[in-house]
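Note that these values count all heavy atoms, side chains included, but never hydrogens, waters or copies made by symmetry. In each ligand, atom 1 is the first atom listed, and ligand 1 is the first ligand listed. Please read all numbers here as calculations on a predicted model, not as lab measurements.
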Amino acid sequence: MPGYKLAIDGPAGSGKSTISSLIAKKLGWTHIDTGAMYRAVTLQALELGINLNEEAQYRFLETSTIHYDFDRIYINDRDVTEAIRSEAVTNNVSLVSSFPYVRKKLVELQKQAAQHGNIIMDGRDIGTVVIPNADLKIFLTANVEERAKRRYKEHIKKGKESQISKVIEDIVIRDQKDSTRKESPLRKADDAIVLDTTYLTIEEVVNKIIELTDKKEN
Ligand code: CDP
């Protein structure tokens, strides 16, 4: 079916980006990681040295370009795929993404990107705001200890220093901020299917979601 729209939402570290990227590769679809877009704006804001608490200062977005190319993300044509994973970005991204102006700008881009082809988009508000008419909506969850363990392993693999207690703390704080903000908070869409991945392998989750897309096509 041309133009299939798959929306994946869920809390920090639930595996959205990894799972979405693998599904996209398997099916030959386009993957858009919207978290990476909020991270890119946060990185740019930090580099510009603006006051992160002032919404008006994010006007720099009027002249910025953000684009994707095969899982790599660019701001003004600079590849920032690795830079957006820094601790400074992670610590500030929930604040940056809470501003209605920032969300409006990025949601506009995301809605445009969702219009063409088979798309798998992951984030916090994809099923509720960005693609409310998606063909399939998945809400990925996992208990906080498991999510922290996965993030911790990612850090170690990348050679980053990490402490499991600190990772748990970061995840809990970010979830709290993301689900209590006024503007499109993290929330399961009424018609989303919840998938608890605590005891599932990545492959099991990928296969389960592909199975669900097949069912929805028939
Ligand atoms: O670290 P993780 O991969 O779980 O998060 P992310 O998907 O990279 O998203 C980083 C942050 O961006 C989230 O904690 C949210 O504050 C924000 N975000 C959002 O507000 N709306 C989205 N659609 C995606 C991310």
Side-chain angles (χ1 to χ4, degrees), residues 5-22 31-46 52 55 58 61 66 68 71-73 80-111 113-114 119-132 134 137-144 146-155 158 160 162 166-189 192 197 202:
K5 310 297 169 214
L6 170 53
I8 304 205
D9 290 299
S14 55
K16 301 175 302 289
S17 305
T18 309
I19 302 289
S20 306
S21 169
L22 286 170
H31 169 217
I32 296 166
D33 173 354
T34 61
M37 297 170 79
Y38 287 97
R39 285 174 177 273
V41 172
T42 307
L43 175 69
Q44 214 183 357
L46 288 168
L52 295 183
E55 187 167 15
Y58 292 88
L61 286 176
I66 296 179
Y68 267 103
D71 271 356
R72 303 212 64 87
I73 183 157
V80 292
T81 313
E82 275 80 38
I84 60 167
R85 303 286 156 195
S86 74
E87 203 179 328
V89 170
T90 303
N91 289 342
N92 288 293
V93 64
S94 291
L95 168 66
V96 173
S97 63
S98 69
F99 294 111
Y101 171 75
V102 173
R103 301 206 71 81
K104 186 169 166 280
K105 282 279 161 206
L106 292 194
V107 168
E108 245 168 51
L109 288 177
Q110 292 156 8
K111 280 184 184 266
I119 299 285
I120 170 163
M121 196 175 276
D122 78 277
R124 303 289 188 288
D125 58 346
I126 311 306
T128 51
V129 175
V130 182
I131 328 180
K137 300 179 187 179
I138 304 286
F139 194 83
L140 280 189
T141 60
N143 71 32
V144 72
E146 178 58 28
R147 289 189 279 129
K149 218 163 70 189
R150 292 175 189 168
R151 196 41 56 97
Y152 172 78
K153 280 189 190 156
E154 252 173 47
H155 289 168
K158 286 184 187 162
K160 270 195 200 168
S162 193
K166 173 81 172 55
V167 180
I168 293 184
E169 196 186 309
D170 288 350
I171 284 185
V172 170
I173 293 175
R174 202 139 57 88
D175 282 353
Q176 217 265 341
K177 282 187 191 158
D178 290 345
S179 27
T180 55
R181 70 174 174 231
K182 269 209 205 117
E183 189 79 11
S184 30
L186 166 67
R187 185 174 70 73
K188 180 188 102 54
T197 71
I202 291 175

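Remark: Thr18 pairs with no residue by the side chain to side chain donor-acceptor pair (under 3.5 Å) rule, at least two apart or across chains. Listed by chain and number, the residues in a side chain to side chain contact (heavy atoms under 4.5 Å, CB included) with Asp33 are Ser17, His31, Ala36, Tyr68, Arg85, Asp122 (sequence neighbours excluded). Applying the side chain to side chain donor-acceptor pair (under 3.5 Å) test to His155 and every residue at least two apart in sequence or in another chain returns Ser162.
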Carefully, step by step, assess Ser97 and Arg103 under the rule side-chain contact (heavy atoms from CB on, under 4.5 Å). CA-CA 6 Å; Ser97 63; Arg103 301 206 71 81; 3.6 Å; yes
Between the protein and ligand 1, are there any N or O atom pairs that come within less than 3.5 Å of each other, and if so, what are their names and distances?
residue, atom, partner, partner atom, Å
ligand 1, 1 (O), Arg39, NH2, 2.9
ligand 1, 1 (O), Arg151, NH1, 2.7
ligand 1, 1 (O), Arg174, NH1, 3.4
ligand 1, 1 (O), Arg174, NH2, 2.8
ligand 1, 3 (O), Arg151, NH2, 3.4
ligand 1, 4 (O), Gly13, N, 2.9
ligand 1, 4 (O), Arg124, NH2, 3.4
ligand 1, 5 (O), Arg124, NH2, 3.2
ligand 1, 5 (O), Arg174, NH1, 3.3
ligand 1, 7 (O), Arg124, NH1, 3.2
ligand 1, 8 (O), Arg39, NE, 2.7
ligand 1, 14 (O), Arg124, NH2, 3.3
ligand 1, 14 (O), Arg174, NH1, 2.8
ligand 1, 14 (O), Asp178, OD2, 2.7
ligand 1, 16 (O), Ser94, OG, 3.3
ligand 1, 16 (O), Ser97, OG, 3.0
ligand 1, 16 (O), Asp178, OD1, 2.7
ligand 1, 16 (O), Asp178, OD2, 3.3
ligand 1, 20 (O), Ser97, OG, 3.4
ligand 1, 20 (O), Arg103, NH1, 2.7
ligand 1, 20 (O), Arg103, NH2, 3.4
ligand 1, 20 (O), Arg181, NH1, 2.9
ligand 1, 20 (O), Arg181, NH2, 3.1
ligand 1, 21 (N), Arg103, NH2, 3.0
ligand 1, 23 (N), Thr34, OG1, 3.0
ligand 1, 23 (N), Arg124, N, 3.1
ligand 1, 23 (N), Asp125, OD1, 2.8

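Between Thr197 and Glu146 there is no side-chain heavy-atom pair separated by less than 4.5 Å.
For Lys188, the NZ atom counts as densely surrounded, since its 6.0 Å shell holds more than 12 non-hydrogen atoms of other residues, nucleotides or ligands.
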